[in-house]
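Worksheet: one structure, shown below.
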Amino acid sequence: TMSVTTEKNSSELGFTKVIVQEKSGSSWTDVATYTSTKNSEFIIKNALAHSASVSYSGTEGKSYRAKVTVYAKDANGSDTKTFTSYSEIA
């Protein structure tokens, strides 16, 4: 589950992209991508906070993490920022 909050109301708020990555040796490989164009629930209108989730069935014993791009839009324009989660073992 991913969550975002803002200090003032946003005309649009949410997540534009979620990339699931699997650890392979010392590097991370993209294994799944979820976008707001295919997941309309990722972005809502007129909000201060929003949560959404994705489900990915990984391989048992492998490590995974997510890169989440957060999006907010108001009368002054829009902005995005990407965050990387801690890793979890499937």
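Because the structure is predicted, anything quoted here is derived from the model rather than measured. Below, all heavy atoms of this structure are taken into account, side chains as well, without hydrogens, waters or symmetry copies. In this chain, numbering begins with 1 at the start of the sequence shown.
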S78: which residues meet the side-chain hydrogen bond (donor to acceptor under 3.5 Å, both in side chains) condition with it, sequence neighbours left out?
none

Can you confirm whether F42 sits close enough to V54 that some side-chain heavy atom of one is under 4.5 Å from a side-chain heavy atom of the other?
yes

Closest heavy-atom pair, S24 versus T29, reported as atoms and distance to 0.1 Å, is CB-OG1, 4.1 Å

Decide side-chain contact (heavy atoms from CB on, under 4.5 Å) for L13 and V4; before the verdict, give the C-alpha distance in whole Å, the side-chain angles of both, and the deciding distance to 0.1 Å.
CA-CA 8 Å; L13 181 67; V4 60; 3.9 Å; yes

Keeping the roles fixed (side chain from Y64, backbone from T59), state whether a donor-acceptor pair exists under 3.5 Å.
yes

Gap separating the CD1 atom of I44 from the OG atom of S11, nearest 0.5 angstrom:
11.5 Å

Kindly indicate whether the side chain of K17, heavy atoms from C-beta on, has any atom under 4.5 Å from the side chain of Y34.
no

Looking at every non-hydrogen atom in both residues, tell me the closest pair between A49 and T5 and how far apart they are.
CB-CG2, 3.7 Å

Rounded at 0.5 Å granularity, tell me how far OG in S27 sits from CD in E22.
10.0 Å

Side-chain contact test, heavy atoms from C-beta onward, threshold under 4.5 Å: evaluate it for I43 versus T16 and give yes or no.
yes

Taken in chain and number order and not counting sequence neighbours, the residues that satisfy salt bridge (charged side-chain N to carboxylate O under 4.0 Å, His left out) with D74 are K8

At what distance, to the nearest 0.5 angstrom, does OG of S63 lie from CD of Q21?
12.0 Å

Report whether I19 and Y71 are members of the same hydrophobic cluster (ILVMFWY, side-chain heavy atoms less than 4.5 Å apart, transitive linking).
no

Tell me, do K67 and F83 make a side-chain contact under 4.5 Å, heavy atoms counted?
no

With distance as the sole criterion, is a donor-acceptor pair present between the side chains of T69 and T82 under 3.5 Å?
yes

Listed once per pair and sorted, the side-chain hydrogen bond (donor to acceptor under 3.5 Å, both in side chains) pairs that draw on residues 37-55, sequence neighbours left out:
S3-S51, E12-K45, T35-T37

Note, R65 side chain near T84 side chain (heavy atom, < 4.5 Å)
yes

Specify the closest pair of heavy atoms between N9 and A47, including all atoms of both residues, with the distance to one decimal.
OD1-N, 3.2 Å

To check you understand the geometry: which heavy-atom pair defines the closest contact between A66 and V18, and what is its length?
CB-CG1, 4.4 Å

